[in-house]
Amino acid sequence: MARSETPTRPERPHARRKREDPPTPQPITTSRKRATRQPAAQPPRAHARPPFYDFAAFEQRWSEEWEARGLYRVDIDHPRKPYYNLMMFPYPSAEGLHVGNVYAFVGSDIHGRWMSMRGYDVFEPMGFDAFGIHSENFAIQRGEHPASLTARNVARFRETQLKRIGNRFDWSHEVNTTDPGYYRWTQWIFTQLFRMGLAVRKTGVVNWCPNDRTVLADEQVINGHCERCGALVERRALPHWALRITHYADSLLDNLDALDWSERVKAAQRNWIGRSYGVEFSLPVAGRVELGVAVFTTRPDTIFGVTFVVLAPEHPLVDEITTPERRGAIAAYRTEAAARRVARQQARDRDVDEPATPPTGVFTGAYAIHPMTGEQVPIWVADYVLMEYGTGAIMAVPAHDERDWAFARAMGLPVRFVVQPVGEISAPDAPYTGEGVLVTSEQYTGQGSREASEAICVWFEESGTGRRMARYHLRDWLISRQRYWGPPVPIIYCPEHGAVPVPEDQLPVRLPDLEDYRPSGTGGSPLARIESFVNTTCPVCGQPATRDTDVMDNFLDSAWYFLRYPSSDDDAHPWNPERTRTWLPVNMYIGGAEHSVLHLLYARFITMAMHDAGLLDFEEPFTHFRAHGIIALAGKKISKSKGNIVNPDDYINTYGADTLRLYLMFMGPYEQGGEFSDKGVAGAVRFLERVWRLGERDLAAGAPSRDAKRALHQVIRKVSDDTAGLRYNTAIADMMRYSGELEERAMFTREEMTTLLRLMAPYAPFISEEIWHRVGEHGSVHEQPWPEVDEAALRADTVAVVAQVNGKTRGVMTLPTGATEAQAFEAAQALEAVRRALRGQPPIRAIYIPDRLINLVTG
RNA sequence: GCCGGCGUGGCGGAAUGGUAUACGCGGCGGUCUCAAAAACCGCUGCCCUCACGGGCUUAAGGGUUCGAGUCCCUUCGCCGGCACCA
């Protein structure tokens with residue numbers, strides 16, 4: 001949302017996990033890539049001629065008329081058939097809405113308009129994700145306060161851009177995350193999470209962005225870089241608040257199966273949550289039985305192949321077990337490993353393929369006792385084991401793991417094969433990482449990998465020395481930000497009562513109006529400098545206390561905004577229970593795939609937590625989600641840093657909003673995106689002009705002819721199906737084709753004209769309405785029912801049947817509908833081309849698909 | 001390496017296992033014009049042929065089928081997600 005790349009964030013079109021895009025060219029950027037200075041934007045490149053009709057006049061007129069009539073305002077309390085059509089609200093940047101936003105919003109609006117014509121009360125709200133570091137940094141650069149800057153950007157977005165693109169927004173439910181009436185509830189949600197034990201105070205190593213001078217969540221670090229500015233993230237120990245999203249790891253993963261979401265987004269979430277099942281157990285340290293090395297493995301079947309144990313360099317046990325004579329070597333290695341970690345990250349930044357460096361490590365001098373064999377195996381320290389994953393230590397099985405193999409080879413450690421591939425001899429000079437049959441594994445010898453894994457897990461459980469468990473890639477969501485432009489963390493620290501949430505009746509904790517709101521860079525936030533803010537009293541005992549001085553991650557703002565829209569005017573609840581029952585969960589959510597593991601994951605988490613708090617009666621906020629595609633220009637993603645921004649205003653001014661809508665949707669499949677070429681705009685102009693001219697012709701009264709009616713219902717069928725499936729490009733293609741067909745006729749009826757206008761209404765709302773009235777119709781075209789397909793009208797007397805010989809098409813015949821095989825056979829053989837292809841050979845077989853084709857096979 | 005998706009004219013892209021290249025852009029030719037633009041009409045995958053006609057073509061190779069862009073296998077390439085994940 002705020003952070004969105006394609007749809008809402010100009011500087012990084014998509015690919016949130018890819019560092020390729022240089023950071024926004026802000027002066028304070030310390031980024032690793034040259035901030036390619038580009039001309040701000042390319043001039044409007046008007047290759048096509050503007051339409052001949054006066055779009056500016058009627059687009060303005062209809063906007064006003066619709067607003068005056070409240071055409072898009074739903075009856076929020078008493079809808080007959082509620083349908084919540086949601087799109088990702090934008091972050092109001094200084095650059096303005098860009099064409100990627102318009103692409104996202106128009107595609108979603110077509111869906112909403114279509115559902116509305118099908119009789120639903122469609123709620124299509126819009127709002128602004130206006131808190132965040134981006135606004136704050138821009139404000140710093142301009143020397144202006146973020147509040148005034150944000151207010152101006154919001155006004156520009158709403159009045160000069162969003163209101164002109166032709167969407168059926170219900171502005172009476174606008175939300176703005178910087179409004180105290182909104183962030184009051186963001187803070188309230190935090191206090192609920194605190195009471196549930198889902199918001200916890202931690203001190204530990206965190207991701208620190210030196211450029212933005214704040215900590216970041218795991219999801220906001222892309223290959224070691226700040227998701228926002230691209231600076232290399234450092235590791236620092238800082239106290240912070242974390243939301244325990246990991247508590248919901250299983251639900252977040254398992255619920256995905258039942259959600260109707262774009263597959264690529266579900267796949268990304270599965271990868272990110274990254275669950276793996278295994279067993280965790282402890283290996284006692286020889287001679288120090290009070291100590292144990294906890295390890296996690298997904299392959300218990302390889303346990304008899306353990307020949308050594310490895311600890312991560314930062315592992316706390318290292319100091320305890322290292323023998324005195326090994327201490328020097330270990331200390332040196334730890335220093336070296338830390339340096340290598342940084343160097344490796346920098347190599348990745350330069351997109352240099354890391355040379356396959358030989359593994360490194362040092363022996364601790366200590367030994368661990370194998371829990372099943374009692375054998376002693378050496379304990380090493382090596383940096384191929386990561387402190388961040390699992391227990392920070394591993395049981396090494398060089399025979400059956402690539403990395404352990406490489407390490408054993410380099411260090412001269414023994415290798416013991418205990419799993420054999422079925423039906424073949426394993427190569428003795430390479431690890432075998434697949435499953436197979438166990439050998440030299442005591443009582444498990446002869447069992448298959450699966451069976452043995454299960455039995456070994458049971459052994460651990462029964463002996464009380466280990467337990468089955470799942471490990472996840474997902475980490476808790478760190479939400480403290482040492483910045484200014486966000487909702488303050490609603491916590492008060494009392495010497496006696498510790499961290500106390502601010503009581504509900506004292507919310508919001510208002511963000512004070514600061515003159516100097518720049519981040520300090522010391523790990524403290526700007527709010528810490530304001531004594532009147534910091535000093536307060538404990539809500540429990542009334543004694544002097546201090547406030548938390550951080551603000552919350554602005555992804556928390558957007559993690560619940562969809563709950564607020566229907567209740568935006570309710571001051572007593574974050575979401576009105578009655579309205580929430582009526583409108584939620586969201587029926588259709590359309591947005592960018594770059595939010596797969598950011599906004600979309602956070603929103604699911606908050607919804608689950610509020611469900612567990614008894615505050616919502618559903619677990620999943622979005623039953624249907626569709627990821628739209630990306631717009632490219634000359635083969636490159638549209639991105640501010642590439643200097644190829646396309647400004648939608650220019651196109652709306654020159655060609656009208658309908659033309660831009662049509663063109664954008666015609667570029668390619670909506671879920672795939674496409675190539676923006678403003679030469680292509682001419683096609684949209686010509687199409688709309690053609691329909692305009694059709695509207696100026698004399699319309700015949702009465703019903704269309706049978707053939708005309710069939711053609712009409714064919715286009716209804718095609719446009720209906722394609723609109724339903726978000727295949728807007730092919731729906732438009734068929735309307736273009738049909739309008740050309742009408743144009744060639746000497747005469748067509750009112751029914752045909754008005755039906756075409758109804759089909760076009762979701763796509764080109766202004767011109768459809770204008771022509772609707774010009775041909776003398778009443779009411780709004782947008783209040784008309786969507787045309788129904790008349791199946792009977794689709795049936796024809798004759799049909800084109802293809803004649804093939806041995807699978808090759810040799811001709812086309814016109815046959816009566818439902819012709820028999822004998823008729824088709826005879827007709828096919830009468831064709832000159834068929835006779836030639838048969839070369840006098842009689843067909844030995846015929847495949848007949850009625851009304852489709854006949855294939856004569858000579859054998 | 002694992003996971004998700006994709007590969008079709010000069011370009012964006014169409015095709016429930018059944019006439020591949022719809023629709024649009026661009027290009028070429030024509031009409032109109034003193035001329036140009038716009039508009040309108042026609043042609044436009046590749047090869048052979050004056051023509052009639054024929055052959056080939058959906059990244060490459062194989063398979064299933066009467067028939068494959070579509071289904072299956074192998075390989076290559078592109079986009080996206082994850083990644084010393086134990």
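Side chains are part of it too, since the values below use all heavy atoms of this structure and drop only hydrogens, waters and symmetry mates. Chain identifiers are assigned alphabetically (A, B, ...) following the order of the sequence lines, protein sequences preceding nucleic acid strands; residue numbering begins at 1 within each chain.
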**Q** Remember a base hit wins even if backbone is also touched, and classify A:Arg686 as base, sugar-phosphate or nothing at under 4.0 Å, heavy atoms.
**A**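 A:Arg686: backbone/sugar contact only, no base atoms under 4.0 Å.
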
**Q** In this structure, which one of A:Val106, A:Val685, A:Val681, A:Ile732 forms a side chain to side chain contact (heavy atoms under 4.5 Å, CB included) with A:Leu662?
**A**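 It is A:Ile732; the other options fail the test.
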
**Q** When the C1' atoms of B:A83 and B:A14 are considered, how many whole Å apart are they?
**A**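 Going atom to atom, C1' in each nucleotide, I get 38 Å.
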
**Q** When you compare the side chains of A:Thr817 and A:Asp851, does any donor N or O come within less than 3.5 Å of an acceptor on the partner?
**A**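 No pair is found: no donor N or O on one side chain lies under 3.5 Å from an acceptor on the other.
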
**Q** In the strands shown, is B:G18 matched to any nucleotide by a Watson-Crick or G-U wobble pair with both distances under 3.5 Å, and which?
**A**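 Paired with B:G18, as far as the under-3.5 Å criterion goes, is B:C66.
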
**Q** With respect to the phosphate group of B:C56, does any side-chain polar atom (N or O) of A:Lys808 fall under 4.0 Å of OP1 or OP2?
**A**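 For B:C56, OP1 or OP2 has a side-chain N or O of A:Lys808 closer than 4.0 Å.
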
**Q** For A:Arg727, is there an ion pair with A:Asp734 - N to carboxylate O distance below 4.0 angstrom?
**A**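 Salt bridge absent between A:Asp734 and A:Arg727.
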
**Q** Establish, with yes or no, whether the OP1 or OP2 oxygen of B:U65 is under 4.0 angstrom from a side-chain nitrogen or oxygen of A:Arg845.
**A**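 No, outside the criterion.
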
**Q** How long is the line joining CE of A:Met667 and P of B:C11, in whole Å?
**A**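 Rounding to the nearest Å, CE of A:Met667 and P of B:C11 are 18 Å apart.
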
**Q** Give none if B:C46 has no partner; otherwise give the nucleotide forming a Watson-Crick or G-U wobble pair with it, both distances under 3.5 Å.
**A**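 Pair assignment: B:C46 / B:G55.
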
**Q** Which base sits across from B:U31 as a Watson-Crick or G-U pair, both distances under 3.5 Å?
**A**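 Pairing partner: B:A39.
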
**Q** Can you tell me if A:Arg49 touches the phosphate of B:A39, counting only side-chain N or O atoms and a distance under 4.0 Å to OP1 or OP2?
**A**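 For B:A39, OP1 or OP2 has a side-chain N or O of A:Arg49 closer than 4.0 Å.
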
**Q** For A:Arg795, does the CZ atom sit with more than 12 other heavy atoms under 6.0 Å from it, leaving out its own atoms?
**A**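 Incorrect, the count does not exceed 12.
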
**Q** A cation-pi test, strictly: NZ or CZ of A:Arg471 under 6.0 Å from the centre of the six-membered ring of A:Phe296 and no more than 45 degrees from its axis. Yes or no?
**A**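 Flagged: A:Arg471 positioned over aromatic ring of A:Phe296.
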
**Q** With P as the reference atom in both, quote the distance from B:C46 to B:C40 in angstrom, rounded to an integer.
**A**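 25 Å, rounded to whole Å.
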
**Q** Does B:G5 fall in syn (glycosidic angle within 90° of 0) or anti?
**A**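 With its glycosidic angle more than 90° from zero, B:G5 counts as anti.
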
**Q** Hey, what do you get for OG1 (A:Thr659) to CD1 (A:Ile767), rounding to the nearest 0.5 Å?
**A**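 The CD1 atom of A:Ile767 is 7.0 Å from OG1 of A:Thr659, to the nearest 0.5 Å.
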
**Q** Measuring from atom NZ of A:Lys718 to atom OG1 of A:Thr730, what distance do you get when rounded to the nearest 0.5 angstrom?
**A**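 The NZ atom of A:Lys718 sits 4.5 Å away from the OG1 atom of A:Thr730.
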
**Q** Starting from C1' on B:G4, measure out to CD on A:Glu263 and report it in whole angstrom.
**A**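 Atom CD in A:Glu263 sits about 7 Å away from atom C1' in B:G4.
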
**Q** Under 4.0 Å, counting only non-hydrogen atoms across every strand here, what does A:Val265 touch: a base, just sugar-phosphate, or nothing?
**A**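 No contact.
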
**Q** Using purine N1 to pyrimidine N3 plus N6-O4 or O6-N4 for Watson-Crick, or N1-O2 and O6-N3 for G-U wobble, each under 3.5 Å, what pairs with B:G7?
**A**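 Partner of B:G7: B:C76.
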
**Q** How far, in whole Å, is B:G69 from B:G63 if one measures between their P atoms?
**A**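 One P to the other, the span is 15 Å.
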
**Q** Considering all heavy atoms of both residues, which atom of A:Ile394 and which atom of A:Tyr384 are nearest to each other, and what is their separation?
**A**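 Minimum heavy-atom contact is CD1-OH, 3.7 Å.
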
**Q** Suppose you measure atom P in B:C2 against the same atom in B:U57; what distance do you get, rounded to whole Å?
**A**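 33 Å, rounded to whole Å.
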
**Q** Whole angstrom is fine here: how far is it from CH2 in A:Trp272 over to C1' in B:G4?
**A**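 Whole-Å distance recorded here is 17 Å.
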
**Q** Without decimals, in angstroms, what is the distance between A:Ile273 CD1 and B:A83 C1'?
**A**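 Rounded to whole Å, this separation is 16 Å.
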
**Q** Of the listed nucleotides (B:C84, B:C3, B:C85), which one gets closest to any side-chain atom of A:Tyr384?
**A**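 The closest nucleotide is B:C84.
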
**Q** In B/S/- notation, 5' to 3', how is nucleotides 14-20 of chain B contacted by protein heavy atoms closer than 4.0 Å?
**A** SSB-BBS

**Q** Determine the interatomic distance between C1' on B:C66 and the same-named atom on B:G12; round to the nearest Å.
**A**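 That atom pair is separated by 36 Å.
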
**Q** Identify which one of A:Tyr670, A:Phe666, A:Tyr103 satisfies the ring-ring contact (aromatic ring centres under 6.0 Å, His included) criterion when paired with A:Tyr728.
**A**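 Filter result, single survivor: A:Tyr670.
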
**Q** Sticking with atom P, work out how far B:G10 lies from B:C84, rounded to a whole angstrom.
**A**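 Going atom to atom, P in each nucleotide, I get 43 Å.
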
**Q** If you draw the axis of the six-membered ring of A:Trp261, does the NZ or CZ of A:Arg604 fall within 45° of it and under 6.0 Å from the ring centre?
**A**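 Yes, a cation-pi geometry holds between A:Arg604 and A:Trp261.
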
**Q** Rounded to the Å, how far apart are A:Glu388 CD and B:A83 C1'?
**A**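 After rounding, the reported distance stands at 13 Å.
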
**Q** Specify the residue among A:Tyr663 and A:Arg690 whose closest nucleotide of RNA chain B lies further upstream toward the 5′ end.
**A**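 Per heavy-atom nearest nucleotide, the more 5' residue is A:Tyr663.
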
**Q** Identify whether any heavy atom of A:Arg836 sits under 4.0 Å from a base atom; if not, whether one sits that close to sugar-phosphate; answer base, sugar-phosphate or nothing.
**A**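 Touches sugar-phosphate only.
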
**Q** Expressed as a whole number of Å, how far does the P atom of B:C3 sit from that of B:C56?
**A**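 Their P atoms lie roughly 39 Å apart.
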
**Q** Strictly below 4.0 Å, heavy-atom distances to any atom of RNA chain B: list the hits from residues 731-741 of chain A, or just say none.
**A**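 Output list: A:Ala733, A:Met736.
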
**Q** By nearest nucleotide on RNA chain B, pick out whichever of A:Ala267 and A:Leu386 is the more 5' one.
**A**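 Result: A:Ala267.
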
**Q** Let me know the distance between OH of A:Tyr848 and P of B:G67, rounded to the nearest Å.
**A**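 Nearest whole value for this atom pair: 20 Å.
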
**Q** Nearest-Å distance, CE (A:Met469) to C1' (B:C85)?
**A**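 Atom CE in A:Met469 sits about 14 Å away from atom C1' in B:C85.
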
**Q** The criterion is side chain to side chain contact (heavy atoms under 4.5 Å, CB included); which residues satisfy it with A:Ala267, sequence neighbours excluded?
**A**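 Scan of A:Ala267 (side chain to side chain contact (heavy atoms under 4.5 Å, CB included), adjacent residues dropped) gives none.
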
**Q** For the pair A:Tyr53 and A:Phe55, name the ring-plane relationship: parallel under 30°, tilted 30 to 60°, perpendicular over 60°.
**A**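 Answer is perpendicular, since the angle exceeds 60°.
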
**Q** Respond yes when some side-chain nitrogen or oxygen of A:Arg403 is under 4.0 Å from OP1 or OP2 of B:C85, and no when none is.
**A**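 Result: yes.
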
**Q** When you compare B:A68 with B:G62, how far apart are their C1' atoms, in angstrom units rounded to a whole number?
**A**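 Each nucleotide's C1' atom is 13 Å from the other's.
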
